[in-house]
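Counting starts at 1 for both ligands and their atoms, following the listed order.
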Amino acid sequence: MQDAITAVINSSDVQGKYLDSSALTKLKGYFATGELRVRAASTISANAAAIVKEAVAKSLLYSDITRPGGNMYTTRRYAACIRDLDYYLRYATYAMLAGDPSILDERVLNGLKETYNSLGVPVGATVQAIQSIKEVTASLVGPDAGKEMGVYLDYISSGLS
Ligand SMILES: CCC1=C(C)/C(=C/C2=NC(=C\c3[nH]c(/C=C4\NC(=O)[C@H](C)[C@H]4CC)c(C)c3CCC(=O)O)/C(CCC(=O)O)=C2C)NC1=O
């Protein structure tokens, strides 16, 4: 896993240089938003279950997906779906704290699409639920932190699509 600091240092190191001004600007931006990121992570962790619940209510409940024949039908599959959404929120929060998406590639997206396809888990509906998580989270943490979380929730959405 990488973070905003190691990303900038690694790319300078590859070139055998000190940090140039664009690298320094990136770092400044990251440090300036540190407090915001930590506060958002704390709010999200205190409300994670409620965020997922509300996002599911907005996007998936009362649709064909939760009825017989739908992929969320049966308690086992419903619970698997909620668990997946919990993963997405938690890993997006890690990535937001790190300021870097690499943890998502390594621990979430690696092989996920293939798994979903082989189990018949609908990707479109999953992306909709992730987009609802994005909205619910933004309404809770405010627009700036919400935008930052959005970067990583979108990253998961595009990785799945
Ligand atoms: C931390 C990284 C990680 C991820 C991301 C992960 C995802 C993941 N989701 C799975 C299943 C599943 N995922 C879903 C999810 C859904 N079905 C829907 O209709 C909804 C749209 C959607 C929820 C938004 C369902 C229903 C299953 C069970 C499918 C089945 O067994 O038939 C499976 C297959 C194994 C299992 O059932 O546990 C994996 C590996 N596992 C991991 O370790």
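Look at Arg76 and you'll find a heavy atom under 4.0 Å from some atom of ligand 1.
Listed by chain and number, the residues in a side chain to side chain contact (heavy atoms under 4.5 Å, CB included) with Tyr30 are Ala4, Ile5, Arg37 (sequence neighbours excluded). Ser132 is linked by a side chain to side chain contact (heavy atoms under 4.5 Å, CB included) to Ala55, Lys58, Ser59, counting only residues two or more places apart in sequence or in another chain.
Geometrically, ligand 1 and Asn71 share a nitrogen or oxygen pair separated by less than 3.5 Å. Backbone and side-chain nitrogen or oxygen atoms of Tyr91 are examined, and none is located within less than 3.5 angstrom of a nitrogen or oxygen of ligand 1.
Ligand-side atoms of ligand 1 in range of Arg107: 1 (C), 2 (C), range being under 4.0 angstrom from any heavy atom. The contact set between ligand 1 and Thr126, taken as ligand atoms under 4.0 Å from a residue heavy atom, comprises 21 (C), 22 (C). Atoms of ligand 1 found under 4.0 Å from any heavy atom of Met72, numbered from 1 in the order shown, are 18 (C), 19 (O), 20 (C). Which parts of ligand 1 touch Leu119 is read off a 4.0 Å heavy-atom cut-off, strictly below it: atoms 11 (C), 34 (C). The Leu85 neighbourhood of ligand 1 comprises atoms 24 (C), with distances under 4.0 Å to a heavy atom of that residue. Counting atoms of ligand 1 from 1 in the listed order, those under 4.0 Å from a heavy atom of Ala80 are 12 (C), 25 (C), 27 (C), 28 (C).
Between the side chains of Arg77 and Tyr73, no donor-acceptor pair of N or O atoms lies under 3.5 Å. In the model, Thr6 has a side-chain atom that pairs as donor or acceptor with a side-chain atom of Asp3 under 3.5 Å. Side chain to side chain, Ser157 and Gln131 meet the donor-acceptor criterion of an N or O pair below 3.5 Å.
Listed for the Glu106 side chain is a donor-acceptor partner under 3.5 Å among the backbone atoms of Met1. With Asp13 contributing its side chain and Ile9 its backbone, the two residues share no donor-acceptor pair below 3.5 Å. Judged by distance alone, with hydrogens and angles left aside, the side-chain atoms of Ser102 form a donor-acceptor pair with the main-chain N or O of Gln2 at under 3.5 Å. Under a 3.5 Å cut-off, the side chain of Gln15 and the backbone N or O of Ser11 do form a donor-acceptor pair.
Looking only at protein heavy atoms, the nearest one to atom 41 (N) of ligand 1 is Tyr87 CE1, 3.6 Å. Among all protein heavy atoms, the one lying closest to atom 10 (C) of ligand 1 is Arg83 NH2, 3.3 Å. From the protein, the heavy atom lying nearest to atom 29 (C) of ligand 1 is Arg77 CD, 3.9 Å. When only non-hydrogen protein atoms are considered, atom 40 (C) of ligand 1 lies nearest to Thr115 CG2, 3.9 Å.
Residues Tyr155 and Asp105 have side chains in contact (heavy-atom distance under 4.5 Å, counting atoms from C-beta outward).
For the residues Ser63, Cys81, Gly120, the heavy atom positioned nearest atom 15 (C) of ligand 1 is part of Cys81. The heavy atom nearest to atom 8 (C) of ligand 1, out of those in Val123, Asp84, Asn110, is found in Asp84. Nearest-residue assignment for atom 5 (C) of ligand 1 (options Tyr78, Tyr73, Tyr116, Tyr88; heavy-atom criterion): Tyr88.
A salt bridge between Arg67 and Asp64 is present, with a side-chain N of the basic residue lying under 4.0 Å from a carboxylate O of the acidic one.
Residue contacts with ligand 1 for Leu112 involve side-chain atoms from C-beta outward but no N, CA, C or O (heavy atoms, distance under 4.0 Å).
The presence of a protein heavy atom under 4.0 Å from atom 35 (C) of ligand 1 is ruled out.
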